[in-house]
Number of protein chains: 2
Amino acid sequence: MTSDLGLRERKKLATRIALSDAAWSLMTEHGIDAVTAEAVAAAADVSPRTFRNYFASREEAILDGILLRANRLVEALRTRPADEPVWDSLAHVLPDMIMSVLGERECDVATLVRVCSENPAMLAQQLAVFGRVERLIAEVIAERTGADIERDLAPHLLAAVPGATMRAVLNFWAGGVTDATLPDLVRTSIAQLRDGLPLGRAAPVA
Amino acid sequence: MTSDLGLRERKKLATRIALSDAAWSLMTEHGIDAVTAEAVAAAADVSPRTFRNYFASREEAILDGILLRANRLVEALRTRPADEPVWDSLAHVLPDMIMSVLGERECDVATLVRVCSENPAMLAQQLAVFGRVERLIAEVIAERTGADIERDLAPHLLAAVPGATMRAVLNFWAGGVTDATLPDLVRTSIAQLRDGLPLGRAAPVA
DNA sequence: CACGATTTTTCCGACTTGGAAACTTTGCCG
DNA sequence: CGGCAAAGTTTCCAAGTCGGAAAAATCGTG
């Protein structure tokens with residue numbers, strides 16, 4: 001998968017990953033304030049200036065790994081059977097997506113969500129990442145439904161709504177007041193969206 | 001409404017409004033790059049340092065008026081009849097909200113949306129504003145449905161989904177490929193959400 | 001190996017950010 | 001009214017951030 005790249009390209013990728021990994025570790029282990037260009041660069045054995053060549057901000061570096069994994073899941077959405085209803089494809093891919101984004105480090109992600117809720121810059125970057133993923137999802141949806149991404153509202157709506165759902169679920173889950181697993185929460189919420197949201201007195205989902 | 005404030009408070013408010021108005025005008029008339037702390041402060045007849053006392057960034061200053069008006073509409077949601085189903089309240093208030101946010105300056109808002117889609121910092125701030133409004137909406141919903149804002153997912157979902165819808169509609173409308181009015185687009189989309197999103201081949205909404 | 005292309009590094013000037021203290025304005029009370 | 005405390009504004013400035021430019025190192029290819 002990465003083997004069709006030359007040495008130069010592989011090194012660039014390695015540097016990028018080393019930097020974002022270092023940024024992530026610094027955040028989870030020593031807090032967001034420990035994530036400076038100097039510290040991250042030192043951990044990845046490059047100059048601070050090189051760090052800035054790769055990332056415009058520490059927030060971008062920290063979330064780069066998540067963006068990467070999210071992009072892979074968008075690809076998964078693209079390879080679903082062409083005749084599957086969009087909504088089924090989403091329901092199938094999203095729970096996996098959220099798990100993949102987590103990787104093996106559940107509690108670290110809970111930390112991330114908490115940091116994002118306290119730190120404006122991190123929140124902004126988190127929302128930016130979601131926005132970019134949503135844009136890609138809208139494109140896939142447009143492609144499969146034959147909609148025109150420039151002229152139709154539907155694909156954007158169909159991407160934005162599950163996106164908002166994922167965000168709400170993540171924040172809820174990271175709050176720590178539920179025993180439900182993340183994929184289950186996603187499944188439940190997606191199912192509710194498909195059937196129309198609860199009216200009147202909203203039934204607590206969990 | 002503002003008359004129960006002392007002179008000091010009124011002056012503070014006036015300064016804040018003068019600054020955010022100046023920031024808004026500078027953006028619409030001379031572009032985002034013209035909005036510097038110096039220029040905004042000069043236009044509002046205060047020192048640059050005072051500008052920074054009020055706003056952490058130019059983006060915050062530009063969008064402060066919109067946040068203000070959005071907050072007022074959240075209040076409108078709060079004063080809807082207590083026995084009205086949440087979803088009806090939202091359907092009733094959101095089209096007004098989007099119009100009020102516009103104020104009289106439709107084309108300026110289209111400019112804003114375009115700027116936000118090109119400028120990462122503005123996009124971040126726009127999303128932050130949406131996020132804060134959504135949080136307030138979630139609180140109102142929790143209050144009226146008897147849900148616990150800390151322990152239930154439903155109010156957050158019910159706030160996030162219309163929020164995402166508003167964002168999608170705004171971007172679509174500002175794209176300029178539709179003749180539909182903004183409130184009509186909102187109404188159509190909200191109705192679709194209530195009934196469950198379109199499946200399979202997504203019907204173009206407009 | 002050698003040359004061009006790309007990446008990394010060093011150096012550095014321009015810009016941003018926010019703390020500290022002086023100064024001005026406002027609120028309040030004798 | 002006069003004066004004092006609280007709050008807001010301004011000036012000054014030190015520390016930090018950002019990104020351009022050119023030198024140095026590394027890589028791809030003939």
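First the proteins, then the strands, lettered A, B, ... as listed; each starts at 1.
Between Asn53(A) atom CG and dT17(D) atom C1' the separation is 15 Å, expressed in whole Å. The distance from atom CD of Glu9(B) to atom P of dA7(D) is 10 Å, rounded to the nearest whole Å. Distance, Leu19(B) CG to dG8(D) C1': 13 Å, rounded to whole Å. Look at CG on Asp45(A): it is 13 Å from P on dT26(D), rounded to the nearest Å. For the pair Asp33(B) CG and dC15(C) P, the interatomic distance rounds to 13 Å; values are reported in whole Å. Between the CG atom of Leu13(A) and the P atom of dC27(D) there is a distance of 15 Å, given to the nearest Å. Rounding to whole angstrom units, CZ of residue Arg16(B) and P of dG8(D) are separated by 12 Å. Across the protein-nucleic acid pair, Arg52(B) atom CZ and dT11(D) atom P stand 12 Å apart, rounded to whole Å.
For dT7(C), the OP1/OP2 oxygens have a side-chain nitrogen or oxygen of Lys12(A) closer than 4.0 Å. Within the 4.0 Å cut-off from OP1 or OP2 of dG8(D), not a single side-chain nitrogen or oxygen of Tyr54(B) is found. A sub-4.0 Å separation between OP1 or OP2 of dT9(C) and a side-chain N or O of Ser47(A) is present. Distances shorter than 4.0 Å separate none of the side-chain N or O atoms of Thr15(B) from OP1 or OP2 on dG8(D). The side chain of Lys11(B) places an N or O atom within less than 4.0 Å of a non-bridging phosphate oxygen (OP1 or OP2) of dT26(C).
When heavy atoms are screened at a 4.0 angstrom cut-off, Phe51(B) is found touching no nucleic acid atom at all.
In this structure, Met99(B) and Val186(B) have side chains that are not in contact, with every pair of non-hydrogen atoms separated by 4.5 Å or more.
Thr181(A) and Asp184(A) form a side-chain donor-acceptor contact under 3.5 Å, judged by distance and modelled atom types alone. Using modelled atom types and a 3.5 Å distance limit, the side chains of Asn53(B) and Thr50(B) yield no donor-acceptor pair.
Between dC27(D), dT8(C), dG8(D), one nucleotide has an atom nearer to the side chain of Arg8(B) than all others, and that is dG8(D).
Taking only distance into account, the side chain of Arg49(A) meets the base of dG20(D) through a donor-acceptor pair shorter than 3.5 Å.
The two residues Phe51(B) and Ser57(B) have their closest heavy-atom pair at CZ-O, 4.1 Å.
Using a cut-off of 4.0 Å between Lys/Arg side-chain N and Asp/Glu carboxylate O, Glu139(A) and Arg144(A) are scored as not salt-bridged.
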